[in-house]
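By convention in this document, chain letters (A, B, ...) are assigned in the order of the sequence lines, proteins followed by strands, and residues within each chain are numbered from 1.
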2 protein chains.
Amino acid sequence: MQKKITFDDIAKYTHFSKTTISRYFNHPETLTEKNRAIIKDALEKLNYHENKLAKVLANGKSEFIGIIVPNLSMHYYAEMLSHILATYQEFGYKFLVFESNDDPVMERQYISELIAYNIEGMIILSHCLSSQELSRLPIPIVTIERESQFLNGVTTDNYRGALIATSYLQSLNCDILIHINSELTPENPDYERTHGFLDICEKEHLPHQLIAQYLGATWDETNTIYEDLFQQIDTKYQGQKKGIFIANDTHANIFLNIVYRHYRNLPEDYNIIGFDDSSISREALIPITTIHQNIDTLSHAAMELLVDQIQNKKSKQLIHRQVEPSLIIRHTTH
Amino acid sequence: MQKKITFDDIAKYTHFSKTTISRYFNHPETLTEKNRAIIKDALEKLNYHENKLAKVLANGKSEFIGIIVPNLSMHYYAEMLSHILATYQEFGYKFLVFESNDDPVMERQYISELIAYNIEGMIILSHCLSSQELSRLPIPIVTIERESQFLNGVTTDNYRGALIATSYLQSLNCDILIHINSELTPENPDYERTHGFLDICEKEHLPHQLIAQYLGATWDETNTIYEDLFQQIDTKYQGQKKGIFIANDTHANIFLNIVYRHYRNLPEDYNIIGFDDSSISREALIPITTIHQNIDTLSHAAMELLVDQIQNKKSKQLIHRQVEPSLIIRHTTH
DNA sequence: TTGTACGCGTTATCAT
DNA sequence: ATGATAACGCGTACAA
């Protein structure tokens, strides 16, 4: 492994000074064309590779952004990370990635590691540290789809999504509208799905039931819970046309499979609608009608917000951006 | 945003020299307990945060590892990334992540960015650059489950996995054994699944068919192709007990859904076995029998290999580690 | 046990 | 248009 080539080497080789070499990269206009060519040549001959760390130390801009996701086993987060990484093309920021696994202690450690590397900003998707705590950190932060009272953040307009889902079920002339979700507090953006469902049902006086309860932490547990829920719903609303709006696509898929296993079919009186438009909704046994979350727009908006904060160090005003969801009609609604 | 505190500030505050402050972190034994306390105190009072970039510049160890995945939409890669990130706890390395999306031009750019940040090593899961090209880079590299002729790498023992799958189907007294996979070249580790299948079938004189063809690039395309394949298989082997070993769980799930939609059931004479033990195999309509790839072991082995290379700069000998797969019997085999 | 002086590879300021 | 010199924040001989 040959010794690393530095500006000094190039300088000696070309009989210029280090400064001129630096300028070659940062202000090439100020060099004569001839000298530019000479330097270009030397760079190739000596096989120079830039050292960004030295650059960072000298000018302070690391071009790093830290990102903390709760996990990568849920496609939702994996897909979000994927879109965030893709913004490299547009913004040039590199990403240092950590998985929090809902451990606040580890998350704090990750954050201090990140800060030690002079990251210019952070994107938080995990839920285990409050926005209040995070807001005290000395770097720009943007959250995605999480509690964000004290921080800039982007979320899907979940309230609107719930409205779209519910009124679509209504338009299908369902006899009973059911929403299944976890018990949530209003700070959580997901709560707006429940909120929207209830609002429209009450305003329009639609027969409805809200099932808000613990829905399991593992797939098996969730499956068991939904089997139970299915029994309840199936007997309670026998013969009625049911419109079931479920918290997310993963759960909708579980429910769909249970119904299908029971009836060897999805009966006409079952209408299921999920949320997220994640891959499972497309790849399910019967492609699932769902509310599309524009993950691409979400992640791009997050990066825009963050880059803005990084560049204009001012921005006292909190910004919360909402992204419009849309209805994807597939085959679990008739 | 207050000015950043440095060793100099701490030094002035405590009337020690910078060196002593440095030693506080790197060789605390050499300080008296009393002085350690004084410094500790000052660090807190002034709210010091370490600057790892400066440290890296001074001592050359960035504690960065670069990692390039093909994408994160396939759970396989997302899960692998997840396990690799988790090794932070054991090895302390931070990860700079890029998604190649099978673009060799971008991948080369990512790599030079990574090298510019003095990464100590790289883990490659993407397929678009040959191990020969990669082996010319001036940093330690380990590959996971890909062509690795000129580089250290870890793979699942796919040959063994195919043997296990096939002989399990044989033990079920199938009349015909079928393997569905893409057309692969022998350098690709996945080829060993086909290789193993053929070997055992021929050695034991088992009736078999190999379907090796293009299987689609999008989910829709793949689905269409498998619908076609199902028609062929279903008519050709009517009444026979079929043992179908499919390239991976995602495809196995697609095939399962097609069969189920057709028969509203999985008939006794259909035996399906996937590969990977990815989440979809557990969460399918009927949990899918599959070959377990130990992703945890794979990623850990990869990190061990890499850390080894980083520490002992020698290692001329190429190392290829194979990880044992195992059979997970679920409900698509009878 | 502690301090001095220099190096790591850039950028920035001020000259020329 | 180009150069000399001093940062950036920390590690490490070597000296004391």
Separation of atom CG in Asp9(B) from atom P in dA7(D), rounded to whole Å: 15 Å

Toward the 5' end of DNA chain C, by each residue's nearest nucleotide, Ala54(B) or His15(B): His15(B)

Under 4.0 Å, counting only non-hydrogen atoms across every strand here, what does Asn26(A) touch: a base, just sugar-phosphate, or nothing? sugar-phosphate

Can you tell me if the side-chain N/O atoms of Ser22(B) get under 4.0 Å from OP1 or OP2 in dG11(D)? yes

According to a strict under-4.0 Å criterion, is Asn59(B) in side-chain N/O contact with OP1 or OP2 of dT12(D)? no

Whole-Å distance, Lys61(A) NZ to dC8(D) C1', equals 14 Å

Do Tyr48(B) and Tyr13(B) have ring centres separated by under 6.0 Å? no

Thr14(B) (side chain) donor-acceptor with Ile10(B) (main chain) under 3.5 angstrom: yes

Examine the base of dT4(C) for any acceptor or donor lying under 3.5 Å from a partner atom in the side chain of Thr19(B), and report the outcome as yes or no. yes

Please tell me which of the listed nucleotides, dC10(D), dG3(D), dT11(C), lies nearest to the side chain of Phe7(B)? dC10(D)

What's the CG-C1' distance between Leu53(A) and dT11(C), to the nearest Å? 14 Å

Counting side-chain heavy atoms from CB outward, which of dT2(D), dT10(C), dG9(C) is closest to Phe16(A)? dT2(D)

In whole Å, I'd like the distance from the CD atom of Glu50(B) to the C1' atom of dG9(D). 12 Å

Please report the distance, rounded to the nearest Å, between CZ in Arg23(A) and C1' in dA1(D). 8 Å

Could you please name the option among dC10(D), dT2(D), dT10(C) that lies closest to any side-chain atom of Asn51(B)? dC10(D)

Nearest-angstrom distance from the residue atom CD1 of Ile21(B) to P of dT4(C): 13 Å

Check: Tyr117(A) ring centre within less than 6.0 Å of Tyr117(B) ring centre: no

Check: Thr6(B) main-chain N/O paired with Asp9(B) side-chain donor or acceptor under 3.5 Å: yes

Which part of the nucleic acid, if any, lies within contact of Tyr48(A), taking any heavy atom under 4.0 Å across all strands shown: a base, the sugar-phosphate backbone alone, or nothing? sugar-phosphate

Would you say dG3(C) has OP1 or OP2 under 4.0 Å from some side-chain N or O of Thr20(B)? yes

Euclidean distance, atom CD of residue Glu33(A) to atom P of dA1(D) [Å, nearest integer]: 12 Å

Polar side chain donor-acceptor pair, Asp276(A) to Gln293(A), under 3.5 angstrom: yes

Distance-only donor-acceptor check, side chains Glu187(A) and Thr185(A), under 3.5 Å: yes

Atom CD1 of Ile5(A) to atom C1' of dG9(C): distance rounded to whole Å? 13 Å

Closest to the 5' end of DNA chain D, once His27(B) and Leu31(A) are matched to their nearest nucleotides, is Leu31(A)

So does Ser17(A) get a side-chain nitrogen or oxygen closer than 4.0 Å to the phosphate oxygens (OP1/OP2) of dG3(D)? yes

Touch class at under 4.0 angstrom, heavy-atom based, for Phe25(B) against every strand present: nothing

Using a heavy-atom cut-off of 4.0 Å across all strands, would you classify Lys52(B) as base, sugar-phosphate, or nothing? nothing

